[in-house]
Engineer: 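The structure that follows is given in the form of structure tokens.
The basis for the numbers below is simple: all heavy atoms, side chains too, and nothing from hydrogens, waters or symmetry mates. In each ligand, atom 1 is the first atom listed, and ligand 1 is the first ligand listed.
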Amino acid sequence: VGFVVYYGYLGYKQTRVHTPLAADKVTVKSGLDVPDRFWGTYRPGVYFGMKHRSPVSLITGLMWLIPSTIQTEGPQLRHLCLQEDKLKKYGWVEHDGINYGVQEISDKRLDIVTSFVKRQGGSHGGDWTARVELKPQVSTQDMRDETVLFFYLAKEGRVDGQMVPEFDSNGGLSAVRSTNTDLGNFVIRFMNGSDALSVSSFSTKLRSLTDISTVTLQNLGIRSDTEKPLFVMNQKGAITDDPDIIIYMVHTKGKFTLDVVFESGSFFDRPAILTGDTYTQQLAYYRKEFQKKFETKFRLREKGLNSTYIRFAQAAMSNMVGGIGYFYGHSKVLGPYQSVPVAYWNAGLYAAVPSRSFFPRGFLWDEGFHLLLINKWNPEISVDIISHWLDLMNTEGWIPREQILGEEALSRVPEEFVVQRNDVANPPTLIMALLDLIERHRDWLLASHKTTLLKMWPRLQAWYNWLNRTQAGDEPTVYRWRGRNGTTLRELSPKTLASGLDDYPRASHPTTDERHLDLRCWMAMSSKLMAELADLLELDYDYGKYLETYKTLTDPELLDKLHWSENFQSYLDYGLHSDNVVLQYPPHNQNAKNHHREKIRYTLTPPLYQFVNMFGYASLFPLSLQLLSLDSPKLLPILEKIQDPDQLWTPYGLRSLSASAPLYQKRNTEHDPPYWRGAVWININFLTLKALKYYSQAESPVGELAQEIHAKLRNNIMSNVVSEYYKTGYVWEQYDDSTGQGKGCRPFTGWSALVALIMAEEY
Ligand code: 6A9
């Protein structure tokens with residue numbers, strides 16, 4: 001009997017964490033049921049690649065190689081978006097999320113434009129054409145304007161149907177035909193705009209999708225029986241019988257255009273092949289529409305912004321929208337009583353990504369910010385994204401923070417970062433995004449998505465309840481992020497990954513008595529938004545319940561008692577804390593066999609229970625989430641610190657941590673440079689600008705001051721981010737608070753792309 005009970009117990013714990021919430025899924029339509037979003041550039045982690053929204057997809061991708069750089073640098077194949085490639089720039093400069101996109105890439109000696117146009121028709125997702133235009137920067141001298149270009153088709157997972165190549169009279173690959181369950185019959189044609197030096201191809205089995213670059217390089221050869229050496233794919237070893245991948249290759253000189261044309265067999269009345277002039281005209285039509293729609297939505301020209309700013313805003317938004325991916329697979333998750341991670345259920349995620357190079361995958365709280373921009377551009381896409389995320393909720397009401405779904409995503413994450421722990425939360429920004437969507441498109445939403453909203457509701461409640469329950473502090477109305485390491489000596493101030501502000505300094509000594517201000521504010525804001533949503537859905541009882549919580553959480557007396565420090569004139573965290581901590585090498589032990597030493601933390605003044613003297617982004621939350629009343633006496637002291645260059649003010653935006661805070665720009669470990677300890681981040685600046693606009697109202701005693709700060713801050717952020725973009729080719733993850741330089745990873749058109757909304761003053 002004991003045996004049975006034991007296993008029963010374990011089974012119970014294990015099923016909870018990877019058991020889906022028992023509620024209707026919000027996403028009812030996907031795959032072919034949503035034809036206009038079926039195909040897309042849903043592989044944000046490659047420079048260019050099309051796939052479709054199915055559990056397994058036929059995937060396509062672009063690669064290239066510049067022969068004249070081989071001698072000095074070795075054969076450098078461009079394929080995955082890698083920072084090490086050091087491209088001068090790349091990114092979508094126009095992308096409408098549905099019909100078309102235009103991307104500009106600038107490599108050493110070579111500019112590339114990739115574009116695509118889709119055409120709806122038939123019952124299998126329609127047609128598309130991808131165009132790759134090569135424009136060497138140097139002209140016709142020896143081999144310096146030569147390029148080797150690859151375009152592949154590959155089967156992800158168990159895509160059925162043989163891919164059958166067809167060859168022209170010269171033996172060059174001209175098309176691939178196949179039939180499979182999702183796509184029906186289809187043909188893909190390779191159409192060169194001019195003669196190439198050589199055309200060849202290669203097909204093989206693939207052990208893994210992550211082998212594509214290697215397989216290509218291994219089978220790349222040089223023909224020497226010709227006048228000059230030519231790059232070709234080695235035909236030896238090619239498998240034409242049921243290959244997993246077919247690689248088309250051209251060795252070109254000078255300007256060159258390749259059209260890859262996908263035609264769906266169930267599309268009968270297509271007017272003309274989507275290539276050549278037909279393609280050019282279609283593309284021109286969509287480009288014109290994009291310009292019109294962008295101005296209607298953002299009104300930047302009307303606001304008097306010049307074309308430098310407008311081009312930036314379009315590129316930032318387009319790379320976010322063009323960076324939307326479709327991922328399918330499962331997370332690896334760990335429950336609190338488990339030592340072995342278990343697999344979450346397989347599911348699809350349609351999501352924008354923070355960075356196409358360094359983390360081309362979904363992140364929960366980032367998405368809420370992405371959606372603020374996408375809401376403005378295409379609300380239908382937003383509804384789809386929110387639905388997918390909410391469907392990833394488990395029976396407890398938890399959603400994994402970082403989504404590493406499928407083989408490609410997994411291959412880019414070091415082992416130690418893969419497992420998601422189900423006690424670790426992340427700010428509920430999706431609720432914020434949903435309410436923003438409702439504010440912007442209320443009538444449309446109610447008319448076309450009332451059922452969707454009703455299906456979202458129990459999931460939002462479960463999420464809210466999970467946060468409210470599991471991240472509660474020890475006293476009523478107090479909240480505390482879980483997941484801090486209270487026993488380590490390695491970190492100066494143990495990280496709080498759940499908060500999203502990672503190394504932002506909290507109480508130096510994590511205890512269960514901590515109070516986290518930002519989390520309390522997220523809960524207050526969510527309560528209000530849940531009340532608004534309940535009201536919209538005519539759920540009177542819930543409306544009253546959430547409103548009550550909102551009132552309690554924003555009660556100024558209570559908030560001040562828990563978080564306002566008279567001494568520092570700021571809202572702060574509270575906990576067991578010492579300002580006086582340093583990282584140092586421990587004394588050398590002569591007898592130790594292992595001489596490898598690492599700095600550890602020394603607490604020079606013993607910690608005390610007190611307010612945590614670290615003024616910064618977290619302290620802004622009561623203001624930034626608009627929880628303070630218009631006449632709150634706390635507004636003025638906060639605004640003063642915002643304006644003070646010794647605290648948060650910089651010419652580039654508000655820095656994350658006061659320049660006077662004890663841990664300002666301090667490393668967290670020997671190997672961890674400061675991250676949220678000074679740098680300027682756009683997401684919190686965005687929320688603060690939105691709030692400043694709100695507090696600019698005449699009814700507020702600080703109205704004029706707020707207005708003035710808003711204007712200056714908006715200007716500083718716009719001009720710095722735009723100038724860095726043109727200087728470096730990229731939008732960045734964060735900006736240095738003393739030089740304004742872009743830092744961290746790039747391109748980062750996650751929340752940094754919100755500058756487009758900042759320009760429009762559409763908060
Ligand atoms: C792990 C991968 C070569 C850190 O933008 C995503 C998140 C934010 O949610 C969070 O608030 N970023 C912020 O503090 C980036 C997290 C990247 C994790 C990468 C290692 C290495 O791959």
Engineer: Using a 3.5 Å distance criterion without hydrogens, assess whether the side chain of Glu491 forms a donor-acceptor pair with backbone atoms of Asn668.
Structural biologist: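 Checking the backbone N and O of Asn668 against the side chain of Glu491, no donor-acceptor pair under 3.5 Å is found.
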Engineer: Enumerate the pairs of nitrogen or oxygen atoms, one from ligand 1 and one from the protein, separated by less than 3.5 angstrom; state names and distance to 0.1 Å.
Structural biologist:
unit_1	atom_1	unit_2	atom_2	d
ligand 1	5 (O)	Asp366	OD2	2.7
ligand 1	9 (O)	Trp365	NE1	3.1
ligand 1	9 (O)	Asp366	OD1	2.6
ligand 1	11 (O)	Trp365	NE1	2.9
ligand 1	11 (O)	Gly500	O	2.6
ligand 1	14 (O)	Gly500	O	3.2
ligand 1	14 (O)	Asp502	OD1	3.0
ligand 1	14 (O)	Asp502	OD2	2.9
ligand 1	14 (O)	Trp676	NE1	2.9
ligand 1	22 (O)	Arg412	O	3.2

Engineer: Quick check for you: to the nearest 0.5 Å, what is the distance between Met523 atom CE and Leu553 atom CG?
Structural biologist: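 So the gap between those two atoms works out to 7.5 Å.
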Engineer: Using the six-membered ring wherever Trp is involved, compare the ring planes of Trp676 and Trp681 and label them parallel, tilted or perpendicular (cut-offs 30° and 60°).
Structural biologist: parallel
Engineer: Give the ring-plane orientation class for Tyr152 versus His79, where under 30° counts as parallel, over 60° as perpendicular and anything between as tilted.
Structural biologist: perpendicular
Engineer: Can you spot which of Trp732, Trp365, Phe363, Phe686 makes a ring-ring contact (aromatic ring centres under 6.0 Å, His included) with Trp751?
Structural biologist: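 One option only clears the test, and that one is Trp365.
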Engineer: I'd like to check the side-chain contact (heavy atoms from CB on, under 4.5 Å) partners of Tyr652; sequence neighbours left out, ordered by chain and number.
Structural biologist: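 Scan of Tyr652 (side-chain contact (heavy atoms from CB on, under 4.5 Å), adjacent residues dropped) gives Thr650, Asn720.
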